Number of protein chains: 2
Amino acid sequence: MANISDVAKKAGVSKATVSRVLNNTAVVNKDTKKRVLEAIESLNYTPSFLAKGMRRKKTSTFGVIIPDFRNPYYSELLKSIEEEARKHDYIALICTGEMNAEREREYIHYLLTRQVEGLVLCCYVSIMENEPFIHNVAKRVPIIVMDQPSFGLPVSSAYADGYNGFSKLLTYLIEKGHKRIGMIRSLHRYPCSESRFLGYRDTLKNHGIDLDQDLIEESEFTAAGGYEAAKRMLARSAPTAIIGVNDLLAIGAMKYIREKGYDVPGEIAIAGHDNIALSSLVSPQLTTVNIPVEQIAAEAITQLIRKIQNPRSRNSDIVIDTQLIIRQSTEQVKKDVIMM
Amino acid sequence: MANISDVAKKAGVSKATVSRVLNNTAVVNKDTKKRVLEAIESLNYTPSFLAKGMRRKKTSTFGVIIPDFRNPYYSELLKSIEEEARKHDYIALICTGEMNAEREREYIHYLLTRQVEGLVLCCYVSIMENEPFIHNVAKRVPIIVMDQPSFGLPVSSAYADGYNGFSKLLTYLIEKGHKRIGMIRSLHRYPCSESRFLGYRDTLKNHGIDLDQDLIEESEFTAAGGYEAAKRMLARSAPTAIIGVNDLLAIGAMKYIREKGYDVPGEIAIAGHDNIALSSLVSPQLTTVNIPVEQIAAEAITQLIRKIQNPRSRNSDIVIDTQLIIRQSTEQVKKDVIMM
DNA sequence: TTGAAAGCGCTAACAC
DNA sequence: GTGTTAGCGCTTTCAA
């Protein structure tokens with residue numbers, strides 16, 4: 001592999017000059033520039049990112065930790081993160097934490113070793129238990145957590161307001177006459193799940209409905225988990241509606257319920273949260289709460305990069321509003337003309 | 001940020017010794033080692049990946065180009081790639097080519113700039129048109145293409161045998177009595193789609209069934225595309241079965257067909273390819289062809305790293321067998337006891 | 001407008 | 001078992 005010296009020699013100039021034409025960092029004589037460009041071309045030269053980064057103390061890289069590639073919500077998020085990173089000439093190093101605190105910490109360490117300039121933590125499981133750890137990491141690089149507030153930690157955050165989203169959903173269901181509304185929440189107490197649960201609990205209370213423990217189930221973030229949770233719930237209670245803390249769970253639950261022969265939404269209404277593409281693909285199409293993923297990603301990455309460029313800039317909490325999307329799983333419509 | 005000299009000074013040893021304990025590259029006196037470790041700890045020191053990589057001429061990074069995060073098949077593939085990379089102490093730089101030849105090339109360039117040591121190209125659109133380009137890239141780093149053969153290019157490959165998979169599927173459908181079997185193939189002539197199509201075509205021919213152009217449709221790799229393609233096909237013909245070149249298309253098609261009031265599989269049977277998680281979530285569950293993703297990823301990454309470590313080792317074509325998975329969308333079963 | 005030289009943080013060869 | 005030293009390939013003063 002050719003290096004900058006080879007190019008310099010071939011073009012009959014110094015390394016400095018080559019560097020200048022490479023980075024447009026100073027005016028270079030037209031002819032000189034041409035010679036350099038030709039040398040680069042003919043040697044098939046690519047500057048070393050390593051050397052450049054070392055000199056500049058810059059990797060143009062940030063780390064991203066998501067729970068799982070296979071949750072479609074994160075697929076959509078990653079797509080948006082990639083585009084945003086590209087715009088700012090950054091690249092994302094993506095790792096899956098698998099909802100495992102130790103794995104998350106290990107990866108953060110690893111990413112720090114790789115000189116990431118910032119960190120995006122999505123539904124980061126152990127943010128509270130690891131407070132000292134996060135403090136330490138935040139001293140080295142800016143962090144933005146997604147799907148949850150910053151809880152007073154020295155990090156930024158960008159998230160959809162799940163409390164509000166589920167409040168809207170519950171209000172809607174209650175107004176439709178539902179009183180026995182079950183919820184499948186997450187097995188662990190992730191903040192993103194908790195806030196939605198609180199929205200559920202408080203809205204019930206505000207409408208004079210007592211929380212019924214028989215109507216609360218817990219599950220992993222998978223469709224299979226939702227299926228099993230619905231089975232357990234129906235074995236001991238008779239809800240007229242079930243909501244999942246996310247669409248995947250709700251879809252799993254719906255599968256069980258339909259297999260059991262119940263009519264959806266006639267006998268049991270179902271709803272989720274996130275508005276993943278799949279939610280409009282299943283039949284009946286799933287009522288859900290939309291998260292404007294692109295917008296969140298854009299604001300999050302912009303904020304992260306701002307903070308990278310100016311480490312003394314303030315952390316911010318970006319809260320994004322959600323929208324209730326009413327579909328067939330809670331509302332018998334004559335004919336759904338909207339497709340996907 | 002502390003560097004190796006700071007640690008050396010603090011521990012009262014030379015940089016070389018610090019390096020030795022860091023990398024376990026030589027025996028170090030027990031006490032010395034302890035002092036170094038303490039210095040590292042107290043300074044909160046992390047070695048610079050950049051400097052190390054520069055010295056060693058190694059980034060322990062390879063690039064991955066997939067078409068789209070949002071296609072669940074690639075989510076599963078990425079998961080497996082991540083795990084394999086981790087095992088070998090590599091990390092993957094993941095980019096989406098979006099089935100766009102120019103974007104793919106741009107990203108490959110970029111990844112090369114980032115000193116990736118190898119490249120994994122998944123369903124790489126433009127492999128044939130870009131032959132000279134690929135030749136050039138292959139001179140610099142080993143490449144493995146997935147989902148397609150190497151076509152005589154200087155690259156390795158790892159793929160499921162789509163021709164064979166669709167042969168099995170078609171044989172099964174024909175033996176069940178289907179004669180008018182429609183296929184939704186991909187809009188562009190991706191190799192991974194083509195080989196499946198050829199399996200379809202040849203199996204029909206071997207059973208004395210002529211190819212009927214009215215039964216062939218084309219679509220993007222999305223459920224929405226499958227939906228529209230099914231609509232167009234049914235508008236001009238009456239198949240008794242429709243297969244999608246992948247599950248996503250098949251699921252979209254199934255959605256349209258059920259919305260139109262047809263019974264699946266009673267009036268029209270449906271099948272796909274890939275066995276994505278979603279295929280067993282929809283109802284009726286989708287008959288499909290399973291790709292052992294984990295196995296492909298494992299063999300692909302192992303081969304890539306072997307070639308990185310020994311550039312003169314031979315490229316290889318890893319062909320992996322697929323399995324026909326029969327489910328409700330082609331077979332009326334009494335009660336499907338298998339869940340997801 | 002250009003070149004010389006120093007040095008980013010590390011590893012590896014060699015010497016002791 | 002440990003230290004010294006010479007770079008890896010680049011950017012960035014500083015001089016010219």
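The structure presented is a predicted model; accordingly, all values stated were derived computationally and were not measured. Numbers restart at 1 for each chain; the letters A, B, ... are given by sequence-line order, proteins then strands.
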Who are the side-chain contact (heavy atoms from CB on, under 4.5 Å) partners of [X], not counting sequence neighbours?
{"X": "N24(B)", "result": "K33(B)"}
{"X": "A138(B)", "result": "I143(B), P154(B)"}
{"X": "H109(B)", "result": "F133(B)"}
{"X": "E220(A)", "result": "L187(A), H188(A), T222(A)"}

Contact interval (first through last nucleotide) of DNA chain C with protein chain A, 4.0 Å heavy-atom: dT1(C) to dG9(C)
Selection residues 47-58 of chain B - residue pairs positive for salt bridge (charged side-chain N to carboxylate O under 4.0 Å, His left out), sequence neighbours left out: K58(B)-E117(B)
Qualifying salt bridge (charged side-chain N to carboxylate O under 4.0 Å, His left out) pairs with a residue from residues 3-30 of chain A, counting only residues at least two apart or across chains: none
Salt bridge (charged side-chain N to carboxylate O under 4.0 Å, His left out) against R86(B), all qualifying residues, sequence neighbours excluded: E106(A)
Residue list, salt bridge (charged side-chain N to carboxylate O under 4.0 Å, His left out) with E82(A), at least two apart or on another chain: K79(A), R103(B)
Table please: side-chain donor-acceptor pairs of residues 37-46 of chain A below 3.5 Å, with sequence neighbours left out.
residue: S42(A); atom: OG; partner: A39(A); partner atom: O; Å: 3.3
residue: T46(A); atom: OG1; partner: R140(B); partner atom: NH1; Å: 2.7
residue: T46(A); atom: OG1; partner: R140(B); partner atom: NH2; Å: 3.4

Sequence-aligned protein contact record of nucleotides 6-16 of chain D, with B where the base is within under 4.0 Å of a protein heavy atom and S where only the sugar-phosphate is: BBBBBBBB---
Residue pair S157(A) / D317(A), side-chain donor-acceptor N/O under 3.5 Å: yes
Angle by which the axis turns from one end of the helix from dT1(C)-dA16(D) to dC16(C)-dG1(D) to the other, five pairs per end, to 10 degrees: 30°
